[in-house]
Engineer: 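Supplied in structure tokens, the structure appears directly below.
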Amino acid sequence: MDFDFSEVNLEYLIQARDLAKRDPEFVAAMLGMEVEMTSLLADLKPKELARISLIKQPLLMPRQEPWWWSRLFVALREGRADEIEAVIEHAPLVTVPRAEDA
């Protein structure tokens, strides 16, 4: 692969790890994993987590619906801050299933 997503992977997982310490159920839904798995993530030390930078391909895939991406890109292109805000407000609804749906 000609692209290097290692920094994105690392930054995302650092944020997810920190959130997993506070809200493991949310992180489990966000990453599509069992709640028990979030404890493994939450317990990673910085040195251990830094090893993720060896992986260059993207580990995480956006899960938004096509309509969401289209609406976001059009709003960005048009510079419509109010529309961008409205689209972003839908992101949690689209990406994170409710606990009973997971």
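Just so we're clear, the structure is a prediction, and the values are computed from it rather than from any experiment.
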Engineer: If you draw a 6.0 Å radius around CD in E85, do more than 12 non-hydrogen atoms from other residues or ligands fall strictly inside?
Structural biologist: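 Not buried by this count: 12 neighbours or fewer within 6.0 Å.
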Engineer: With clusters defined by side-chain heavy atoms of hydrophobic residues (ILVMFWY) lying less than 4.5 Å apart, directly or transitively, does F73 cluster with I84?
Structural biologist: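 Shared cluster, yes.
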Engineer: Considering non-hydrogen atoms only, spot the tightest contact between I88 and W68 and give its length.
Structural biologist: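 Closest approach of I88 to W68: CD1-CZ2, 4.3 Å.
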Engineer: Between CG of D2 and NZ of K56, what distance do you get to the nearest 0.5 Å?
Structural biologist: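 D2 CG to K56 NZ: 13.5 Å, rounded to 0.5 Å.
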Engineer: I'd like to know if Y12 and I14 are part of one continuous hydrophobic network [Ile/Leu/Val/Met/Phe/Trp/Tyr, side-chain heavy atoms within less than 4.5 Å].
Structural biologist: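 Yes; tracing contacts between hydrophobic side chains, which count when under 4.5 Å, links both residues.
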Engineer: What is the distance from atom CG of L40 to atom CD of E48, rounded to the nearest 0.5 Å?
Structural biologist: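 Answer for the CG-CD pair, L40 versus E48, is 10.5 Å.
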Engineer: Check salt bridge (Lys or Arg N to Asp or Glu O under 4.0 Å) between R17 and all other residues, then give those that pass, not counting sequence neighbours.
Structural biologist: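 For R17, no residue satisfies salt bridge (Lys or Arg N to Asp or Glu O under 4.0 Å) once neighbours in sequence are set aside.
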Engineer: Please check: side-chain N/O of N9 versus main-chain N/O of S53, any donor-acceptor pairing under 3.5 Å?
Structural biologist: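 Checking the backbone N and O of S53 against the side chain of N9, no donor-acceptor pair under 3.5 Å is found.
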Engineer: Name each donor-acceptor pair under 3.5 Å that joins a side chain in residues 19-34 to protein atoms two or more places apart or in another chain, with its distance.
Structural biologist:
from	atom 1	to	atom 2	distance (Å)
D23	OD1	F26	N	3.2

Engineer: Any heavy-atom pair between the side chains of R71 and E83 that's under 4.5 Å?
Structural biologist: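 Yes; the side chains approach each other to less than 4.5 Å.
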Engineer: With the 4.5 Å side-chain cut-off for hydrophobic clustering, are I52 and L60 part of the same group?
Structural biologist: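 Same cluster.
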Engineer: Between F5 and L59, is there a side-chain heavy-atom distance shorter than 4.5 Å?
Structural biologist: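 No, side chains not in contact.
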Engineer: If you round to the nearest 0.5 Å, how far is CZ of R51 from OG of S6?
Structural biologist: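 Spacing of OG (S6) from CZ (R51) equals 15.5 Å.
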Engineer: Any chain of hydrophobic side-chain contacts (each under 4.5 Å) joining V74 to L76?
Structural biologist: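 V74 and L76: separate clusters.
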